[in-house]
Amino acid sequence: MNGVHDMGGMDGFGTVPVEANEPLFHARWESRTFALMRALGFTGAWSIDEFRYVTEGLPPHVYLSSSYYERWVLTLELLVLKYGLASKEELESLTANDRAVEVKRVLKPDSVKSLIPRPNYERDPQAPAVFSVGDLVRTKNIHPVGATRLPRYTRGKVGRVERIQGCHAFPDTVVSRDDEDPQWLYTVTFDGRELWGPDADPTSKISIEAFEPYLEPEGTHGGAS
Amino acid sequence: MADHDHDDDHQHDHDHHHHHGEGHASELSEMQIRVRALETILAQKGYVDPAALDEIVETYEKRIGPHIGAKLVARAWVDEDFKKELLKDVAIASERIGLTEIGSHVIALENKPSVHHVVVCTLCSCYPWAVLGLPPTWYKSYAYRSRVVKEPRKVLADFGTTLPDTTEIRVWDSTAETRFIVIPQRPVGTEGWSEERLASIVSRDAMVGVTVLQPVIQEA
(Lines give C-alpha, C1' and ligand atoms only; values in the text may rest on other atoms or scores of the structure.)
Protein backbone atom coordinates (compact mmCIF):
# COMPACT_ATOMS: atom_id res chain seq x y z
CA MET A 1 0.00 0.00 0.00
CA ASN A 2 1.07 3.57 -0.61
CA GLY A 3 1.36 4.32 3.10
CA VAL A 4 3.33 6.87 5.02
CA HIS A 5 5.66 4.06 6.12
CA ASP A 6 7.09 4.09 2.59
CA MET A 7 9.14 7.20 3.27
CA GLY A 8 12.22 6.83 1.08
CA GLY A 9 12.84 10.22 -0.56
CA MET A 10 10.39 12.25 1.53
CA ASP A 11 11.55 15.67 2.71
CA GLY A 12 10.90 17.60 5.88
CA PHE A 13 11.92 15.22 8.68
CA GLY A 14 14.96 17.26 9.62
CA THR A 15 18.35 16.07 10.76
CA VAL A 16 18.94 12.56 12.01
CA PRO A 17 18.49 12.55 15.81
CA VAL A 18 21.55 10.90 17.31
CA GLU A 19 21.42 10.19 21.04
CA ALA A 20 24.76 9.67 22.75
CA ASN A 21 25.02 6.59 24.97
CA GLU A 22 21.50 5.57 24.10
CA PRO A 23 20.06 2.80 26.29
CA LEU A 24 18.74 -0.30 24.53
CA PHE A 25 15.25 0.52 25.77
CA HIS A 26 14.04 3.88 27.03
CA ALA A 27 11.38 2.46 29.33
CA ARG A 28 10.39 -0.90 30.65
CA TRP A 29 7.25 -1.04 28.52
CA GLU A 30 9.46 -0.87 25.42
CA SER A 31 11.39 -3.97 26.43
CA ARG A 32 8.17 -5.83 27.29
CA THR A 33 6.72 -4.81 23.92
CA PHE A 34 9.77 -6.11 22.10
CA ALA A 35 9.58 -9.38 24.02
CA LEU A 36 5.82 -9.72 23.46
CA MET A 37 6.29 -9.22 19.74
CA ARG A 38 8.89 -11.98 19.57
CA ALA A 39 6.98 -14.36 21.83
CA LEU A 40 3.69 -13.84 20.00
CA GLY A 41 5.42 -14.23 16.65
CA PHE A 42 6.68 -17.59 17.93
CA THR A 43 3.10 -18.79 18.47
CA GLY A 44 2.52 -18.74 14.72
CA ALA A 45 -0.74 -16.81 15.14
CA TRP A 46 0.44 -14.39 12.42
CA SER A 47 3.42 -13.93 10.11
CA ILE A 48 6.10 -11.25 10.32
CA ASP A 49 4.78 -10.00 6.97
CA GLU A 50 1.31 -9.49 8.38
CA PHE A 51 2.79 -7.77 11.43
CA ARG A 52 4.56 -5.29 9.13
CA TYR A 53 1.46 -4.82 7.00
CA VAL A 54 -0.73 -4.02 10.00
CA THR A 55 1.82 -1.43 11.15
CA GLU A 56 1.83 0.09 7.67
CA GLY A 57 -1.95 0.29 7.79
CA LEU A 58 -2.04 2.52 10.86
CA PRO A 59 -3.58 5.89 9.91
CA PRO A 60 -0.77 8.18 8.71
CA HIS A 61 -1.22 10.68 11.53
CA VAL A 62 -1.09 7.88 14.09
CA TYR A 63 1.94 6.27 12.46
CA LEU A 64 3.87 9.55 12.34
CA SER A 65 3.05 10.64 15.87
CA SER A 66 3.96 7.30 17.44
CA SER A 67 7.41 6.06 18.35
CA TYR A 68 8.74 2.79 16.97
CA TYR A 69 7.65 0.70 19.97
CA GLU A 70 4.35 2.59 20.27
CA ARG A 71 3.58 1.41 16.72
CA TRP A 72 4.42 -2.12 17.84
CA VAL A 73 1.96 -1.83 20.73
CA LEU A 74 -0.80 -0.63 18.42
CA THR A 75 0.01 -3.41 15.95
CA LEU A 76 0.05 -6.11 18.62
CA GLU A 77 -3.31 -4.94 19.96
CA LEU A 78 -4.86 -5.09 16.49
CA LEU A 79 -3.46 -8.57 15.80
CA VAL A 80 -4.38 -9.94 19.21
CA LEU A 81 -7.96 -8.80 18.66
CA LYS A 82 -8.08 -9.96 15.04
CA TYR A 83 -6.92 -13.49 15.87
CA GLY A 84 -9.00 -13.75 19.01
CA LEU A 85 -6.15 -14.14 21.48
CA ALA A 86 -7.87 -11.54 23.62
CA SER A 87 -10.91 -9.29 23.48
CA LYS A 88 -11.17 -5.60 24.08
CA GLU A 89 -13.11 -6.30 27.27
CA GLU A 90 -10.42 -8.57 28.61
CA LEU A 91 -7.73 -5.96 27.96
CA GLU A 92 -9.81 -3.26 29.59
CA SER A 93 -10.95 -5.26 32.60
CA LEU A 94 -7.66 -7.15 33.04
CA THR A 95 -9.76 -10.28 33.54
CA ALA A 96 -9.11 -13.18 31.22
CA ASN A 97 -11.79 -15.49 29.88
CA ASP A 98 -11.08 -19.05 28.73
CA ARG A 99 -9.01 -19.45 25.60
CA ALA A 100 -11.10 -19.18 22.47
CA VAL A 101 -8.33 -20.16 20.04
CA GLU A 102 -5.31 -22.41 20.21
CA VAL A 103 -1.84 -21.52 18.99
CA LYS A 104 0.81 -23.80 17.50
CA ARG A 105 3.31 -23.33 20.32
CA VAL A 106 4.16 -21.16 23.29
CA LEU A 107 7.65 -19.77 23.86
CA LYS A 108 9.40 -21.08 26.97
CA PRO A 109 12.59 -19.58 28.41
CA ASP A 110 14.79 -22.40 27.14
CA SER A 111 13.56 -21.88 23.56
CA VAL A 112 14.48 -18.20 23.47
CA LYS A 113 17.87 -19.00 22.00
CA SER A 114 16.10 -20.39 18.93
CA LEU A 115 14.91 -16.85 18.19
CA ILE A 116 18.41 -15.41 17.90
CA PRO A 117 19.60 -16.63 14.47
CA ARG A 118 17.88 -15.01 11.50
CA PRO A 119 15.10 -17.30 10.32
CA ASN A 120 15.35 -18.71 6.83
CA TYR A 121 12.53 -17.84 4.43
CA GLU A 122 14.29 -19.40 1.46
CA ARG A 123 12.09 -21.92 -0.33
CA ASP A 124 12.34 -24.34 -3.26
CA PRO A 125 11.92 -22.40 -6.49
CA GLN A 126 8.85 -23.01 -8.62
CA ALA A 127 10.78 -22.08 -11.78
CA PRO A 128 14.32 -21.03 -12.72
CA ALA A 129 15.31 -17.43 -12.07
CA VAL A 130 14.30 -15.22 -15.00
CA PHE A 131 17.11 -12.69 -14.52
CA SER A 132 20.88 -13.03 -14.27
CA VAL A 133 23.51 -10.88 -12.62
CA GLY A 134 24.24 -7.91 -14.89
CA ASP A 135 20.80 -7.82 -16.52
CA LEU A 136 19.07 -4.49 -16.91
CA VAL A 137 15.60 -4.56 -15.42
CA ARG A 138 12.78 -2.09 -14.96
CA THR A 139 10.70 -2.12 -11.82
CA LYS A 140 7.00 -2.24 -12.51
CA ASN A 141 4.90 0.85 -11.98
CA ILE A 142 2.52 -0.88 -9.61
CA HIS A 143 0.56 0.46 -6.64
CA PRO A 144 -0.91 -2.56 -4.87
CA VAL A 145 -3.23 -1.81 -1.96
CA GLY A 146 -1.97 -4.93 -0.23
CA ALA A 147 1.49 -5.65 1.18
CA THR A 148 4.45 -4.94 -1.04
CA ARG A 149 8.16 -4.57 -0.46
CA LEU A 150 8.70 -2.42 -3.56
CA PRO A 151 9.23 1.14 -2.31
CA ARG A 152 7.52 3.93 -4.22
CA TYR A 153 10.75 5.76 -4.97
CA THR A 154 11.99 2.81 -7.01
CA ARG A 155 8.91 2.11 -9.13
CA GLY A 156 9.15 2.36 -12.91
CA LYS A 157 12.93 2.74 -12.69
CA VAL A 158 15.74 1.04 -14.57
CA GLY A 159 18.39 -0.75 -12.57
CA ARG A 160 20.81 -3.61 -12.85
CA VAL A 161 20.71 -7.00 -11.17
CA GLU A 162 23.72 -7.06 -8.88
CA ARG A 163 23.10 -10.24 -6.91
CA ILE A 164 20.67 -13.14 -6.85
CA GLN A 165 19.64 -13.72 -3.25
CA GLY A 166 17.79 -17.01 -3.60
CA CYS A 167 14.10 -17.84 -3.76
CA HIS A 168 12.01 -16.74 -0.79
CA ALA A 169 8.51 -16.68 0.63
CA PHE A 170 6.78 -13.74 -1.05
CA PRO A 171 5.43 -11.27 1.55
CA ASP A 172 2.80 -9.90 -0.83
CA THR A 173 0.96 -13.22 -1.11
CA VAL A 174 1.74 -14.33 2.44
CA VAL A 175 -0.38 -11.37 3.53
CA SER A 176 -3.03 -11.37 0.81
CA ARG A 177 -3.83 -15.10 0.74
CA ASP A 178 -1.66 -16.85 3.32
CA ASP A 179 0.39 -18.35 0.48
CA GLU A 180 4.20 -18.24 0.43
CA ASP A 181 4.25 -18.53 -3.38
CA PRO A 182 8.10 -18.42 -3.35
CA GLN A 183 9.77 -15.91 -5.66
CA TRP A 184 13.33 -15.18 -6.71
CA LEU A 185 14.88 -12.25 -4.93
CA TYR A 186 17.45 -9.94 -6.51
CA THR A 187 19.58 -7.05 -5.40
CA VAL A 188 18.77 -4.40 -8.00
CA THR A 189 20.98 -1.32 -8.10
CA PHE A 190 19.96 2.08 -9.42
CA ASP A 191 22.03 5.08 -10.31
CA GLY A 192 21.13 7.99 -8.00
CA ARG A 193 20.17 10.09 -11.03
CA GLU A 194 17.77 7.41 -12.29
CA LEU A 195 15.83 7.74 -9.03
CA TRP A 196 16.21 11.44 -8.21
CA GLY A 197 16.90 13.20 -11.48
CA PRO A 198 19.86 15.10 -12.89
CA ASP A 199 20.60 16.99 -9.67
CA ALA A 200 21.20 13.81 -7.69
CA ASP A 201 24.63 12.99 -6.30
CA PRO A 202 26.33 11.35 -9.32
CA THR A 203 28.45 9.20 -7.00
CA SER A 204 25.46 7.57 -5.31
CA LYS A 205 24.00 4.19 -6.11
CA ILE A 206 21.01 2.75 -4.29
CA SER A 207 19.84 -0.84 -4.19
CA ILE A 208 16.70 -2.60 -3.11
CA GLU A 209 15.99 -6.29 -2.63
CA ALA A 210 13.41 -6.90 -5.33
CA PHE A 211 11.23 -9.96 -5.78
CA GLU A 212 10.92 -11.19 -9.35
CA PRO A 213 7.25 -10.19 -9.79
CA TYR A 214 8.33 -6.55 -9.26
CA LEU A 215 10.62 -6.64 -12.30
CA GLU A 216 10.42 -6.74 -16.06
CA PRO A 217 13.24 -7.01 -18.55
CA GLU A 218 14.65 -3.75 -19.89
CA GLY A 219 16.14 -3.62 -23.39
CA THR A 220 19.79 -2.93 -23.98
CA HIS A 221 18.91 0.76 -24.35
CA GLY A 222 18.02 1.17 -20.68
CA GLY A 223 19.09 4.23 -18.76
CA ALA A 224 21.09 2.74 -15.92
CA SER A 225 24.83 3.06 -15.94
CA MET B 1 -0.83 -9.92 39.84
CA ALA B 2 1.23 -13.06 40.01
CA ASP B 3 2.75 -12.67 36.57
CA HIS B 4 4.17 -9.31 37.51
CA ASP B 5 5.45 -10.37 40.89
CA HIS B 6 7.94 -12.39 38.94
CA ASP B 7 9.44 -9.23 37.50
CA ASP B 8 10.15 -7.80 40.89
CA ASP B 9 12.98 -10.28 41.25
CA HIS B 10 14.84 -8.59 38.44
CA GLN B 11 16.74 -5.37 38.33
CA HIS B 12 15.79 -3.43 35.24
CA ASP B 13 18.14 -0.48 35.05
CA HIS B 14 16.38 0.89 32.02
CA ASP B 15 13.29 1.59 34.13
CA HIS B 16 15.12 4.65 35.27
CA HIS B 17 15.71 6.10 31.83
CA HIS B 18 13.13 8.45 30.51
CA HIS B 19 12.09 9.59 27.11
CA HIS B 20 13.85 12.58 25.67
CA GLY B 21 12.09 14.90 23.30
CA GLU B 22 8.63 14.05 22.04
CA GLY B 23 7.54 11.61 24.78
CA HIS B 24 5.95 13.01 27.90
CA ALA B 25 4.71 11.41 31.06
CA SER B 26 1.05 10.92 30.19
CA GLU B 27 1.91 9.15 26.93
CA LEU B 28 4.35 6.90 28.72
CA SER B 29 1.90 5.87 31.35
CA GLU B 30 -0.72 5.17 28.71
CA MET B 31 1.71 2.82 26.99
CA GLN B 32 2.68 1.23 30.29
CA ILE B 33 -0.97 0.50 30.95
CA ARG B 34 -1.64 -0.91 27.50
CA VAL B 35 1.45 -3.11 27.43
CA ARG B 36 0.74 -4.36 30.93
CA ALA B 37 -2.80 -5.23 29.87
CA LEU B 38 -1.53 -7.21 26.88
CA GLU B 39 1.04 -9.09 28.92
CA THR B 40 -1.35 -9.76 31.78
CA ILE B 41 -4.17 -11.16 29.69
CA LEU B 42 -1.97 -13.11 27.27
CA ALA B 43 -0.04 -14.63 30.17
CA GLN B 44 -3.21 -15.53 32.04
CA LYS B 45 -4.48 -17.27 28.93
CA GLY B 46 -1.19 -19.10 28.49
CA TYR B 47 -0.21 -17.57 25.15
CA VAL B 48 2.97 -16.07 26.56
CA ASP B 49 5.19 -17.07 29.45
CA PRO B 50 6.46 -13.99 31.34
CA ALA B 51 9.68 -15.84 32.17
CA ALA B 52 10.31 -16.23 28.44
CA LEU B 53 9.72 -12.49 27.99
CA ASP B 54 12.32 -11.83 30.71
CA GLU B 55 14.72 -14.15 28.92
CA ILE B 56 14.23 -12.33 25.59
CA VAL B 57 14.95 -8.95 27.16
CA GLU B 58 17.97 -10.25 29.00
CA THR B 59 19.33 -11.89 25.85
CA TYR B 60 19.28 -8.65 23.87
CA GLU B 61 20.47 -6.55 26.81
CA LYS B 62 23.38 -8.76 27.72
CA ARG B 63 24.31 -11.22 25.01
CA ILE B 64 23.38 -10.03 21.51
CA GLY B 65 24.85 -6.74 20.35
CA PRO B 66 27.38 -4.99 18.14
CA HIS B 67 30.29 -6.76 19.84
CA ILE B 68 29.39 -9.76 17.67
CA GLY B 69 29.76 -7.79 14.46
CA ALA B 70 32.93 -6.18 15.80
CA LYS B 71 34.46 -9.61 16.31
CA LEU B 72 33.74 -10.54 12.69
CA VAL B 73 35.20 -7.27 11.42
CA ALA B 74 38.37 -7.58 13.50
CA ARG B 75 38.97 -11.11 12.25
CA ALA B 76 38.34 -10.00 8.67
CA TRP B 77 40.97 -7.28 9.07
CA VAL B 78 43.68 -9.69 10.17
CA ASP B 79 42.77 -12.75 8.10
CA GLU B 80 42.28 -12.30 4.35
CA ASP B 81 40.87 -15.81 3.87
CA PHE B 82 38.33 -15.23 6.61
CA LYS B 83 37.32 -11.94 5.01
CA LYS B 84 36.72 -13.67 1.68
CA GLU B 85 34.60 -16.28 3.38
CA LEU B 86 32.71 -13.61 5.33
CA LEU B 87 31.93 -11.73 2.13
CA LYS B 88 30.68 -15.00 0.62
CA ASP B 89 28.60 -16.23 3.57
CA VAL B 90 28.49 -14.56 6.96
CA ALA B 91 26.91 -17.52 8.78
CA ILE B 92 29.48 -20.06 7.59
CA ALA B 93 32.43 -17.78 8.28
CA SER B 94 31.06 -16.94 11.72
CA GLU B 95 30.82 -20.58 12.69
CA ARG B 96 34.54 -20.88 12.06
CA ILE B 97 35.15 -18.52 14.97
CA GLY B 98 32.52 -20.04 17.21
CA LEU B 99 29.62 -17.68 16.47
CA THR B 100 26.80 -20.08 15.73
CA GLU B 101 23.70 -17.90 16.11
CA ILE B 102 23.84 -15.75 12.99
CA GLY B 103 21.31 -17.48 10.76
CA SER B 104 20.44 -16.92 7.13
CA HIS B 105 21.02 -14.17 4.65
CA VAL B 106 23.20 -11.80 6.63
CA ILE B 107 25.47 -10.20 4.06
CA ALA B 108 28.80 -8.46 4.66
CA LEU B 109 29.76 -5.42 2.57
CA GLU B 110 33.36 -4.23 2.47
CA ASN B 111 34.14 -0.53 2.54
CA LYS B 112 37.11 0.56 0.45
CA PRO B 113 38.58 3.90 -0.60
CA SER B 114 36.60 3.58 -3.85
CA VAL B 115 33.21 2.60 -2.40
CA HIS B 116 31.43 3.26 0.89
CA HIS B 117 28.42 1.18 1.87
CA VAL B 118 25.59 2.42 4.07
CA VAL B 119 22.50 0.45 5.15
CA VAL B 120 18.88 1.50 5.71
CA CYS B 121 15.38 0.06 5.73
CA THR B 122 13.09 2.74 4.32
CA LEU B 123 9.88 0.70 4.76
CA CYS B 124 10.18 -0.36 8.40
CA SER B 125 13.49 -0.65 10.23
CA CYS B 126 14.95 -4.02 9.27
CA TYR B 127 18.33 -4.42 10.94
CA PRO B 128 20.81 -7.27 11.33
CA TRP B 129 19.85 -8.10 14.93
CA ALA B 130 21.98 -11.26 15.03
CA VAL B 131 25.23 -9.34 14.47
CA LEU B 132 24.43 -5.83 15.76
CA GLY B 133 21.66 -6.33 18.31
CA LEU B 134 18.67 -4.00 18.32
CA PRO B 135 18.88 -0.77 16.31
CA PRO B 136 19.41 2.68 17.82
CA THR B 137 16.58 5.20 17.60
CA TRP B 138 18.27 7.18 14.85
CA TYR B 139 18.21 4.13 12.55
CA LYS B 140 14.43 3.95 13.04
CA SER B 141 13.92 7.71 12.68
CA TYR B 142 11.89 9.17 9.83
CA ALA B 143 14.78 11.51 8.99
CA TYR B 144 17.18 8.61 8.42
CA ARG B 145 14.70 6.38 6.61
CA SER B 146 13.52 9.16 4.29
CA ARG B 147 16.77 10.92 3.51
CA VAL B 148 19.65 8.48 3.24
CA VAL B 149 18.49 7.03 -0.08
CA LYS B 150 18.18 10.51 -1.62
CA GLU B 151 20.97 12.55 -0.06
CA PRO B 152 23.38 10.09 1.52
CA ARG B 153 26.28 12.52 1.84
CA LYS B 154 24.15 15.00 3.76
CA VAL B 155 22.97 12.26 6.10
CA LEU B 156 26.54 11.11 6.66
CA ALA B 157 27.36 14.75 7.48
CA ASP B 158 24.75 14.59 10.28
CA PHE B 159 27.07 11.98 11.79
CA GLY B 160 30.16 14.11 11.14
CA THR B 161 31.24 11.88 8.29
CA THR B 162 32.78 13.37 5.16
CA LEU B 163 33.95 11.17 2.32
CA PRO B 164 36.10 12.09 -0.69
CA ASP B 165 34.07 13.34 -3.67
CA THR B 166 35.42 10.44 -5.70
CA THR B 167 34.15 7.73 -3.37
CA GLU B 168 31.03 5.99 -4.62
CA ILE B 169 28.29 5.86 -2.00
CA ARG B 170 26.37 2.62 -2.13
CA VAL B 171 23.10 2.69 -0.17
CA TRP B 172 21.46 -0.66 0.59
CA ASP B 173 17.72 -0.50 1.29
CA SER B 174 16.91 -3.70 3.24
CA THR B 175 13.51 -4.25 1.69
CA ALA B 176 13.34 -8.05 2.03
CA GLU B 177 14.76 -10.98 3.99
CA THR B 178 18.40 -10.03 3.61
CA ARG B 179 20.31 -8.04 6.21
CA PHE B 180 23.57 -6.17 5.81
CA ILE B 181 26.64 -5.48 7.92
CA VAL B 182 29.38 -3.14 6.75
CA ILE B 183 33.04 -4.02 7.20
CA PRO B 184 34.60 -0.60 7.83
CA GLN B 185 38.07 0.24 6.60
CA ARG B 186 40.71 -0.55 9.17
CA PRO B 187 42.01 2.71 10.59
CA VAL B 188 45.67 3.60 10.29
CA GLY B 189 47.61 3.43 13.52
CA THR B 190 46.29 -0.04 14.40
CA GLU B 191 49.11 -2.02 12.83
CA GLY B 192 50.09 -5.01 14.91
CA TRP B 193 47.08 -4.81 17.22
CA SER B 194 45.51 -7.96 18.59
CA GLU B 195 42.14 -9.02 17.25
CA GLU B 196 40.55 -8.26 20.60
CA ARG B 197 41.93 -4.73 20.67
CA LEU B 198 40.84 -4.17 17.08
CA ALA B 199 37.32 -5.34 17.90
CA SER B 200 37.13 -2.78 20.70
CA ILE B 201 37.31 0.13 18.24
CA VAL B 202 34.76 -1.21 15.72
CA SER B 203 31.64 0.84 16.39
CA ARG B 204 28.04 -0.04 15.68
CA ASP B 205 27.58 3.08 13.56
CA ALA B 206 30.58 2.18 11.39
CA MET B 207 29.03 -1.25 10.78
CA VAL B 208 25.84 0.44 9.55
CA GLY B 209 28.02 2.66 7.40
CA VAL B 210 27.19 6.11 8.76
CA THR B 211 30.63 6.67 10.25
CA VAL B 212 34.20 5.78 9.39
CA LEU B 213 36.73 4.71 11.98
CA GLN B 214 39.19 7.47 12.78
CA PRO B 215 42.96 7.01 12.59
CA VAL B 216 44.44 6.03 15.93
CA ILE B 217 47.15 8.32 17.25
CA GLN B 218 49.72 6.16 18.98
CA GLU B 219 50.97 7.43 22.28
CA ALA B 220 54.68 8.07 22.32
Side-chain angles (χ1 to χ4, degrees), chain A residues 5-10 13-19 22-29 31-33 35-36 38-40 43 52 68 70 73 76 85-86 90-91 94 96 99 103 106-109 112 116-122 149 151 153 165 168 185 196 201 203-209, chain B residues 12 14-15 17 19 28 31-32 34-35 37-42 44-49 51-53 55-57 59 61 64 101-106 122-125 130 134 136-138 140-146 149-150 152-153 155 158 168-173 175-179:
Chain A
H5 69 283
D6 183 1
M7 49 180 62
M10 283 178 74
F13 288 119
T15 55
V16 178
V18 182
E19 181 184 342
E22 182 181 345
L24 194 63
F25 300 105
H26 290 80
R28 186 168 183 278
W29 68 266
S31 65
R32 299 316 275 183
T33 301
L36 277 169
R38 301 300 312 272
L40 289 168
T43 67
R52 290 197 185 109
Y68 181 76
E70 284 170 352
V73 174
L76 288 174
L85 302 192
E90 288 175 293
L91 293 176
L94 292 183
R99 285 159 81 122
V103 291
V106 172
L107 185 71
K108 295 291 169 193
V112 167
I116 306 309
R118 277 200 55 67
N120 194 350
Y121 295 96
E122 198 158 0
R149 302 299 295 173
Y153 76 94
Q165 302 285 20
H168 297 251
L185 182 68
W196 311 112
D201 182 342
T203 63
S204 69
K205 284 191 162 64
I206 298 94
S207 66
I208 59 167
E209 306 292 291
Chain B
H12 288 281
H14 49 266
D15 279 354
H17 294 287
H19 240 312
L28 281 187
M31 280 298 144
Q32 282 167 353
R34 290 167 78 160
V35 174
L38 278 171
E39 183 177 341
T40 303
I41 294 299
L42 295 169
Q44 281 178 17
K45 297 178 86 169
Y47 293 126
V48 297
D49 175 352
L53 302 184
E55 180 70 22
I56 292 170
V57 173
T59 298
E61 284 188 329
I64 307 298
E101 297 181 294
I102 306 300
S104 325
H105 298 95
V106 180
T122 60
L123 295 174
C124 30
S125 293
L134 303 183
T137 297
W138 66 256
K140 302 177 282 190
S141 70
Y142 308 143
Y144 186 72
R145 288 167 55 191
S146 62
V149 291
K150 188 179 178 192
R153 281 180 193 268
V155 169
D158 285 1
E168 177 188 311
I169 307 210
R170 225 356 226 99
V171 184
W172 296 73
D173 191 351
T175 54
E177 294 306 335
T178 41
R179 298 289 178 271

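Order of the sequence lines fixes the chain letters, A, B, ..., with proteins taken first and strands second; residue numbering starts at 1 for each chain.
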Choice from Thr33(A), Leu91(A), Leu185(A), Val103(A) maximising heavy atom contacts with chain B below 4.5 Å: Leu91(A)
Rounded to the nearest 0.5 Å, how far apart are CE of Met10(A) and OH of Tyr153(A)? 14.0 Å
Interchain contact, [X] with chain A, by part (heavy-atom threshold 4.5 Å):
{"X": "Pro152(B)", "value": "side chain"}
{"X": "Leu38(B)", "value": "both"}
{"X": "Leu123(B)", "value": "both"}

Whether the Asp158(B) and Thr15(A) side chains hold a donor-acceptor pair (N or O, under 3.5 Å, no angle test) is what I'd like checked.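 No pair is found: no donor N or O on one side chain lies under 3.5 Å from an acceptor on the other.
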Can you tell me if His105(B) and Glu122(A) form a side-chain donor-acceptor pair at under 3.5 Å? yes
If the condition is side-chain hydrogen bond (donor to acceptor under 3.5 Å, both in side chains), which residues does Glu101(B) pass it with, not counting sequence neighbours?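 Once residues adjacent in sequence are excluded, the partners of Glu101(B) under the side-chain hydrogen bond (donor to acceptor under 3.5 Å, both in side chains) criterion are Arg63(B).
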Would you mind checking which part of [X] comes under 4.5 Å of any heavy atom in chain B, side chain (CB onward), backbone (N, CA, C, O), both or neither?
{"X": "Gln165(A)", "value": "both"}
{"X": "Leu24(A)", "value": "side chain"}
{"X": "Asn120(A)", "value": "both"}
{"X": "Thr43(A)", "value": "side chain"}
{"X": "His168(A)", "value": "side chain"}
{"X": "Leu107(A)", "value": "both"}

Which one wins on heavy-atom pair count under 4.5 Å against chain A: Thr137(B), Val155(B), Thr59(B)? Thr137(B)
Hey, which of Ser146(B), Ala143(B), Cys124(B) has the most heavy atom pairs under 4.5 Å with chain A? Ser146(B)
Applying salt bridge (Lys or Arg N to Asp or Glu O under 4.0 Å), can you list everything that pairs with Glu177(B), at least two apart in sequence or on another chain? Arg52(A), Arg118(A), Arg179(B)
Below 4.5 Å, heavy atoms only, C-beta onward: do Leu40(A) and Leu85(A) meet side chain to side chain? yes
Kindly indicate whether the side chain of Trp29(A), heavy atoms from C-beta on, has any atom under 4.5 Å from the side chain of Glu39(B).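 SC-SC contact between Trp29(A) and Glu39(B) ruled out.
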Exam field: side chain Thr122(B) to backbone Met7(A), donor-acceptor pair closer than 3.5 Å: no
